[in-house]
A.B. asks: 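Please find one structure pasted underneath; my questions will follow.
In this chain, residues are counted from 1 in sequence order. Keep in mind that what you see is a predicted model, and the values were worked out from it rather than measured. Counting convention: from 1, in listed order, for ligands and their atoms alike.
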Amino acid sequence: MPSALDPKLRRSIAERLQYYRDLGIYDFYRRPVDALMDLHSAESKPYDAAAPVQQPATPVSRVMKEPSSTLMPKAKLTEVGPATALRLIREDIGDCTRCVLHKQGRKQIVFGVGNPRAELMFIGEAPGADEDIQGEPFVGRAGQLLTNMIKAMGLGREDVYIANIIKCRPPGNRTPERDECETCSPFLFRQIEAIKPKVIVALGAVAAKTVLAVNSSMAELRGRWYEFRNTKLAVTYHPAFLLRDPRQKKETWKDLQMVMKELGLERASVSDPKE
Ligand code: URA
């Protein structure tokens, strides 16, 4: 006769299962309660203690709440087209209350915008005031610069896909907390899985560090290729940083040219992207 689960543990498991369902993970194997408790305590360990450890040569995200050996992702996203997959992810996010940002003044969730079949995907940090109002990433001043950078690559916003690590505006545009990144980024990873871009560009330190699970400076991170789940990933400066320090535009342009070469794009204009 199976023993009754402690109500607190039962509730905790139920919440955890709901969380995985929200992430699109539906299939689970049964394991003894002890093993589940081990799993639970392993997940609440500090950042660096979580297994498995990735090699820095091909930094791949430590992937927040990545399915462990007890969990199997459903092949759901690969069974539908990218536009439908993105719609399903948006539905799963719902009117999200998973982190504190939902009660800190966000007006709406800023999911992502662009071509669901884009070869190139940009990942930013979090929506600012303009994005919060319009519901679209990178529409403020930094967004205008990003749009110009995209144009300088010979593309338009409609050709690429743009999303953020965090889908809700942090109050006062503060830097997102680690737990906020950990809670929200699995949805971004599903967006990447749906779109299957050839190249990802991480804009700024928060995007780069969250996706690559490294803690290096921007100067160290940019200018080279990484692999993120079989997709090439480059890191460059965030457009908001470039507005503050335009001297770094030259280096950014080098990063973008590296991306263009990879995508077989011709340089569209003779000048560097302007503000
Ligand atoms: N900065 C970001 O990182 N993302 C946006 O959407 C806007 C500004």
A.B. asks: If you measure from each heavy atom of Glu136 to ligand 1, is any distance below 4.0 Å?
C.D. replies: no

A.B. asks: Decide, yes or no, whether a salt bridge links Glu262 with Lys232 under the criterion of side-chain N to carboxylate O below 4.0 Å.
C.D. replies: yes

A.B. asks: Is a salt bridge present between Glu251 and Lys254, judged by a nitrogen-to-oxygen distance below 4.0 Å?
C.D. replies: yes

A.B. asks: Any atoms of ligand 1 less than 4.0 Å from a non-hydrogen atom of Glu125? List them with their elements.
C.D. replies: 2 (C), 3 (O)

A.B. asks: Pull out every atom of ligand 1 sitting under 4.0 Å from any heavy atom of His238, numbered as shown with elements.
C.D. replies: 1 (N), 2 (C), 3 (O)

A.B. asks: Which residue supplies the protein heavy atom nearest to atom 4 (N) of ligand 1, what is that atom called, and how far is it?
C.D. replies: Asn164 OD1, 2.8 Å

A.B. asks: With Cys168 as reference, evaluate Asp132, Val100, Ile109 under the side chain to side chain contact (heavy atoms under 4.5 Å, CB included) test and give the passing residue.
C.D. replies: Ile109

A.B. asks: Of the options Leu212, Val201, Asp255, Ile200, which is the one that meets Val235 in a side chain to side chain contact (heavy atoms under 4.5 Å, CB included)?
C.D. replies: Leu212

A.B. asks: Go through ligand 1 atom by atom and flag the ones less than 4.0 Å from a non-hydrogen atom of Pro137.
C.D. replies: 6 (O)

A.B. asks: Using a strict threshold of under 4.0 Å (side-chain N to carboxylate O), is an ion pair present between Glu136 and Arg157?
C.D. replies: yes

A.B. asks: So is Ala126 close enough to ligand 1, meaning a heavy atom under 4.0 angstrom away?
C.D. replies: yes

A.B. asks: Tell me whether Asp92 is salt-bridged to Arg190, with the criterion being a basic N under 4.0 Å from an acidic carboxylate O.
C.D. replies: yes

A.B. asks: With heavy-atom distances below 4.0 Å as the criterion, list the atoms of ligand 1 near Gly124.
C.D. replies: 3 (O)

A.B. asks: Based purely on interatomic distance, does Ala142 place a nitrogen or oxygen under 3.5 Å from a nitrogen or oxygen of ligand 1?
C.D. replies: no

